[in-house]
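All of these numbers come straight from a predicted model, not from anything done at the bench.
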Amino acid sequence: MIRISVFLTCLFTAATLGAADEDYRPGPDAQPREGVPKGEVTQHTWTSEIFPGTVRDYWVYVPAQYEKGKSAAVLICQDGGGFVRENGPFRAPTVLDNLIHAGDIPITIGIFINPGVVPPAKEGGQPRKNRSFEYDTLSDQYARFLLEEILPEVGKSYTLTDNPDHRVICGNSSGGICAFTAAWERPDAFRKVISHIGSFTNIRGGHVYPALIRKTDPKPLRVFLQEGENDLDNLHGNWPLANEQMAAALKFSGYDYQFVMGTGRHSARHGGAIFPETLRWIWRDWKAK
């Protein structure tokens, strides 16, 4: 399996050492640049059958370089609204504009999906959030939701790759374990995982993953884990320890992985600050795939 280089290790370390959570900020790659073509972001709504009764918003980013009929790589992000916010920690559309223009990553269509909600039965009522069920459950249900509903729907308008090595799935917290679960269950469909402050704790049984990784034949996954020393410690478990156990299990089983421990809390700030370098690392050999 491919191992990370000393250069990449130093690069990520430089971005994390000595920084408190509030000191993590988007860098130059998250700023609009003159002369860089700007992609288009559109918002949509989806009513799911795989998660019955739920509705959700999702956003589709299409780079300026996309050519109709030519297959594009795919980046899927859970809690998608947070990734497309113009002044948020990730600013994913701008990051994708810059990295695609530089040739650091392939021409990539981004699909940014919010968790589902069940609308209130009565006027004036509150919707029921379905996030934890969708994200923290260890099953193939969310992967099927992507493969049977969202990807075919987006595929009506754009030509999306079916090459699992050209699909990246990403998320924060419960969205992070969701990304890993989708790839773990369906490595035939998703092989690149980015997890920020991933909830590999006992919310719905996710604490078993380190043992499963050690006792299961390695799957063809590339995994990036980001965590903070001051992350949560509660009745579900200890987030820093859980991510350290994940990293140790991936190392033991010979996976192609990267683990970055910062000083932050349960926040998207650190993951956002290193997001461009994370995408470069996850896509580092894209031209050869």
Side-chain angles (χ1 to χ4, degrees), residues 3-4 6 8-27 77-79 82-83 88-90 131-132 135-138 168-184 192-216 221-279 281-282:
R3 291 297 185 186
I4 59 173
V6 172
L8 280 168
T9 304
C10 293
L11 194 59
F12 281 116
T13 302
T16 60
L17 286 179
D21 192 65
E22 58 272 15
D23 292 333
Y24 292 118
R25 293 185 177 89
C77 295
Q78 281 62 249
D79 293 311
F83 281 86
F90 289 98
R131 182 176 184 269
S132 179
Y135 288 2
D136 293 307
T137 300
L138 307 192
V168 178
I169 184 164
C170 171
N172 306 319
S173 189
S174 292
I177 191 174
C178 176
F180 183 82
T181 296
W184 180 261
K192 289 181 167 64
V193 177
I194 298 172
S195 169
H196 305 117
I197 53 172
S199 299
F200 297 101
T201 52
N202 193 15
I203 298 176
R204 293 178 184 264
H207 64 298
V208 302
Y209 270 133
L212 287 177
I213 291 167
R214 289 173 181 270
K215 294 183 178 183
T216 304
L221 307 181
R222 176 175 294 173
V223 182
F224 179 90
L225 304 173
Q226 171 270 324
E227 181 53 286
E229 293 173 351
N230 296 298
D231 203 349
L232 297 172
D233 183 11
N234 60 30
L235 74 163
H236 301 302
N238 180 290
W239 266 246
L241 180 59
N243 277 271
E244 288 174 347
Q245 293 280 16
M246 283 290 293
L250 291 168
K251 179 179 180 180
F252 174 83
S253 294
Y255 277 81
D256 178 10
Y257 80 100
Q258 168 73 285
F259 178 46
V260 176
M261 177 68 83
T263 58
R265 298 184 289 273
H266 199 71
S267 154
R269 288 176 177 267
H270 181 199
I274 64 173
F275 191 52
E277 288 306 329
T278 301
L279 290 177
W281 181 82
I282 208 83

*Sequence neighbours excluded, which residues qualify as salt bridge (Lys or Arg N to Asp or Glu O under 4.0 Å) partners of Asp136?*
none

*What residues form a side-chain contact (heavy atoms from CB on, under 4.5 Å) with Thr181, not counting sequence neighbours?*
Leu138, Ile177, Glu185, Tyr209

*If you look at every heavy atom in Gly171 and Ala179, which pair is closest and at what distance?*
N-CB, 4.2 Å

*Measure the CH2-CD1 distance between Trp281 and Ile194 for me, rounded to the nearest 0.5 Å.*
9.0 Å

*pair Lys192-Ile169: side-chain heavy atoms closer than 4.5 Å*: no

*Could you check if a side-chain atom of Gln258 sits within less than 4.5 angstrom of a side-chain atom of Thr278, using non-hydrogen atoms only?*
no

*Return the set of residues passing side chain to side chain donor-acceptor pair (under 3.5 Å) with Arg204 (not counting sequence neighbours), or none when no residue passes.*
Ser132

*asked:* Working to the nearest 0.5 angstrom, can you tell me the gap between Leu225 CG and Phe200 CZ?
replied: 6.0 Å

*Can you tell me how far CD1 of Ile203 sits from OG1 of Thr137, rounded to the nearest 0.5 angstrom?*
10.5 Å

*Name all residues meeting the side-chain contact (heavy atoms from CB on, under 4.5 Å) criterion together with Asn238; count only those two or more places apart in sequence or in a different chain, and write none if there are none.*
Asp233, Pro240, Leu241

_Test side chain to side chain donor-acceptor pair (under 3.5 Å) applied to His207 - qualifying residues, sequence neighbours left out_ = Asn202

*Measure across Gly176 and Ser195 and return the closest heavy-atom pair with its distance rounded to 0.1 Å.*
CA-OG, 3.6 Å

_Ser173: which residues meet the side chain to side chain donor-acceptor pair (under 3.5 Å) condition with it, sequence neighbours left out?_
Ser199, His266

*Applying side chain to side chain donor-acceptor pair (under 3.5 Å), name anything that partners Tyr135, two or more places apart in sequence or on another chain.*
none

N/O donor-acceptor pairs under 3.5 Å from side chains in residues 243-250, not counting sequence neighbours:
from, atom 1, to, atom 2, distance (Å)
Asn243, ND2, Gly198, O, 3.0
Asn243, ND2, Glu227, OE2, 2.7
Asn243, ND2, Trp239, O, 3.0

_Please verify the inter-ring angle class for His196 with Phe224; under 30° counts as parallel, over 60° as perpendicular, anything in between as tilted._
perpendicular

*With rounding to the nearest 0.5 Å, note down the distance linking CD in Gln226 to CZ in Phe259.*
9.0 Å

*Any side-chain heavy atom of Ile213 sitting closer than 4.5 Å to one from Phe252?*
no

*With rounding to the nearest 0.5 Å, note down the distance linking CZ in Phe90 to SG in Cys77.*
8.0 Å

_Pairs meeting criterion salt bridge (Lys or Arg N to Asp or Glu O under 4.0 Å) with involvement of residues 259-268, two or more places apart_ = Asp21-Arg265, Glu22-Arg265

*asked:* Give me the atom names and distance for the closest heavy-atom approach of Cys178 to Gln78.
replied: SG-CG, 4.0 Å

